[in-house]
Amino acid sequence: MKKQMKTGELVRRFLPYFKKYRGILIFDLICASLTTVCDLVFPLIVRRITDLGISDPASLTVSLILRLGSLYLILRLLDAAANFYMQNTGHVMGAKIETDMRRDLFAHLQKLSFSYFSSHKVGQIMSRITSDLFDITEFAHHGPEEFFIAGLKITVSFIILFGVNPLLTLIVFAVLPLIFIFVKFFNTRMRRAFKAQRVQVGEINSQVEDSLLGIRVVKSFANEPIEKAKFEAGNKEFLRLKKLGYLYMGGFGSSNRFFEGLMYLIVIVAGALFLIKGAITPGDFTAYLLYVSSLFASIRTIIQFTEQFQRGMTGIERFCEIMDAPADITEKPDAKELKNVRGDIVFDNVTFHYSDDNTEVLSGINIHIPEGHSVALVGPSGGGKTTMCNLIPRFYDVTEGRILIDGTDIKDVTLRSLRSAIGVVQQDVYLFSGTVFDNIEYGLPGSDREAVIEAAKAAGAHEFICSLPDGYDTYVGERGVKLSGGQKQRISIARVFLKNPPILILDEATSALDNESEKVVQDSLERLATGRTVLTIAHRLTTVKNADTILVLTENGIEEQGSHKELMDKNGLYSKLYSMYASM
């Protein structure tokens with residue numbers, strides 16, 4: 001587990017979110033002041049009535065009592081109005097801050113590179129963007145409010161009581177430092193326990209997601225007992241962490257109840273002694289008891305809020321952990337738009353290794369792909385074929401060297417314009433939960449129905465789409481589960497047809513299909529490739545015989561390159577791979 005961030009640092013990171021709502025916050029604190037005034041004035045009224053009733057009963061008139069009662073009624077009406085604002089608008093402010101944080105978190109996740117998602121579980125990320133921020137609404141609203149009220153009550157109570165009897169006040173308030181020491185002790189442990197709970201919730205989410213998305217594999221191997229056992233283990237660990245959190249909460253609450261009783265005991269014993277000696281009046285003694293009661297009501301509120309505070313701090317900490325994750329792929333401040341792309345690609349002495357591994361995947365790659373040229377990347381697994389293609393749209397950045405498109409370094413252009421010029425068709429097709437139309441239209445958002453249908457026709461998908469229950473409005477299920485592999489692939493090709501990019505990357509787009517589906521999809525890909533610069537990654541070498549250039553990549557780099565005929569005549573690695581595949 002990462003080192004716990006300091007509370008002061010988390011608060012500093014959180015405060016800017018109040019900036020948009022500072023007007024609401026200021027008025028909320030004014031309302032909090034009004035509600036506090038009611039609590040502070042009441043003991044003074046009781047003190048006044050008590051002292052007059054004992055020392056000068058004749059002066060305690062009906063008129064005076066009615067005036068004091070009217071004053072307190074007005075204060076209570078103000079208190080009710082102020083409390084309504086705090087409960088309504090104050091909570092809405094907290095909800096807006098939670099919404100703003102979730103928006104920023106999602107936006108930052110969109111900026112992170114593939115490497116981040118390769119090393120972090122989706123369930124953990126989902127937990128941080130949803131449940132981790134649920135407590136922010138209460139924390140953002142009640143945090144400033146409760147601490148402001150508590151600080152105001154403690155300060156004003158101290159001033160008033162010190163003016164009545166300095167010695168008794170100092171004796172009573174001497175207990176507060178002890179309370180704060182215990183608060184700090186338990187707070188640290190509670191926050192650690194709450195963070196561990198949040199992490200475990202993310203683990204449970206990840207395990208559930210993994211199990212449900214792979215439910216067909218689970219059932220096909222009759223491994224439901226294994227999945228239940230894994231879930232039970234994670235669930236029990238969450239219970240253990242919950243118990244630990246409640247242990248600290250119990251110790252926290254019990255110690256504070258003890259100190260509350262100790263404070264009352266001091267007031268009663270010391271106050272009674274001062275009363276006997278005539279150092280304070282009965283009214284002062286009554287006021288002391290009421291102020292201590294009000295003071296401890298405030299402290300009790302803070303104690304009750306402490307759990308919410310620590311949950312909020314935990315949510316903010318886990319929010320900051322993602323926000324602090326660096327975006328590996330960034331644009332230069334002066335990045336320009338890549339316009340009128342022809343598709344001329346140059347790899348200029350390109351070397352690459354992943355950030356968490358110094359082993360070079362590509363080393364000193366130098367190739368030129370003219371516009372409209374088709375290049376096939378073949379060779380054994382681990383040679384860097386997919387990596388090489390991922391460098392062109394900057395899914396990863398080169399470690400050394402540069403990649404040029406139409407003579408422009410891709411690091412000098414905006415990511416949006418670069419990726420808009422590139423279409424990718426992958427082996428593992430991802431369809432979003434929605435309709436067929438939604439998934440094709442995703443290639444060029446805002447396209448009309450006619451454009452989507454034309455793209456589907458070009459991809460050879462129109463006929464099977466029309467045979468679906470609701471045609472283009474058919475729901476495809478999560479990840480397109482209601483469609484076959486060939487159907488999903490043709491929809492993904494239609495999506496790229498709609499995008500109409502000048503550069504096309506085909507990453508083993510037919511390797512997972514049966515022969516009949518492969519033939520249909522291959523015909524669609526050939527139509528899609530016409531007039532574009534195409535890079536094709538293939539294990540089925542018969543599908544790339546017509547490529548203008550074939551690159552044979554191994555862990556040593558580009559072993560061979562040339563046309564199919566040239567490489568076969570050379571009788572090298574490509575010839576052996578092709579002969580091996582053809583004989584299967």
Would you check if [X] and [Y] make a side-chain contact, meaning some heavy-atom pair closer than 4.5 Å?
| X | Y | value |
| --- | --- | --- |
| Glu337 | Val413 | no |
| Val92 | Lys96 | yes |
| Glu237 | Leu241 | yes |
| Ile129 | Leu109 | yes |
| Phe139 | Met313 | yes |
| Val175 | Ile266 | yes |

**Message:** Could you check whether Arg394 pairs with Asp328 (Lys NZ or Arg NE/NH1/NH2 to Asp/Glu carboxylate O, under 4.0 Å)?
**Reply:** no

**Asked** Under 4.0 Å between a Lys/Arg side-chain N and an Asp/Glu carboxylate O for Asp412 and Lys336?
**Response** no

**Prompt:** Is there a salt bridge (charged side-chain N to carboxylate O under 4.0 Å, His left out) between Glu9 and Arg12 once you walk through the steps?
**Reply:** CA-CA 5 Å; Glu9 171 66 12; Arg12 185 188 66 78; 2.7 Å; yes

What do you reckon, is [atom1] of [X] surrounded by more than 12 foreign heavy atoms closer than 6.0 Å?
| X | atom1 | result |
| --- | --- | --- |
| Phe147 | CZ | yes |
| Arg22 | CZ | no |
| Arg416 | CZ | no |
| Met323 | CE | yes |
| Phe84 | CZ | no |
| Arg189 | CZ | yes |

**Request:** Determine, using ring centers only, whether Tyr21 and Tyr17 are less than 6.0 Å apart.
**Result:** no

**Request:** May I ask you to check whether Phe14 and Phe319 place their ring centers less than 6.0 Å from one another?
**Result:** no

**Request:** Check ring pair (Phe, Tyr, Trp, His ring centres under 6.0 Å) between Phe259 and all other residues, then give those that pass, not counting sequence neighbours.
**Result:** Phe182

**Prompt:** Of all residues at least two apart in sequence or in a different chain, which pass the ring pair (Phe, Tyr, Trp, His ring centres under 6.0 Å) check with Phe432?
**Reply:** Tyr430, Tyr442

Spacing of [X] atom [atom1] and [Y] atom [atom2] [to the nearest 0.5 Å]:
| X | Y | atom1 | atom2 | result |
| --- | --- | --- | --- | --- |
| Ser33 | Glu145 | OG | CD | 10.5 Å |
| Phe238 | Glu203 | CZ | CD | 12.5 Å |
| Glu331 | Leu415 | CD | CG | 4.5 Å |
| Arg76 | Leu34 | CZ | CG | 12.0 Å |

**Option among Leu152, Ile154, Ile159 that satisfies the side chain to side chain contact (heavy atoms under 4.5 Å, CB included) test with Val156** = Leu152

**Request:** Describe, in one word, how the ring planes of Phe186 and Phe252 are oriented to each other, choosing from parallel (under 30°), tilted (30 to 60°) and perpendicular (over 60°).
**Result:** perpendicular

**Asked** Hey, does the side chain of Asp438 reach the backbone of Thr435 with a donor-acceptor pair shorter than 3.5 angstrom?
**Response** yes

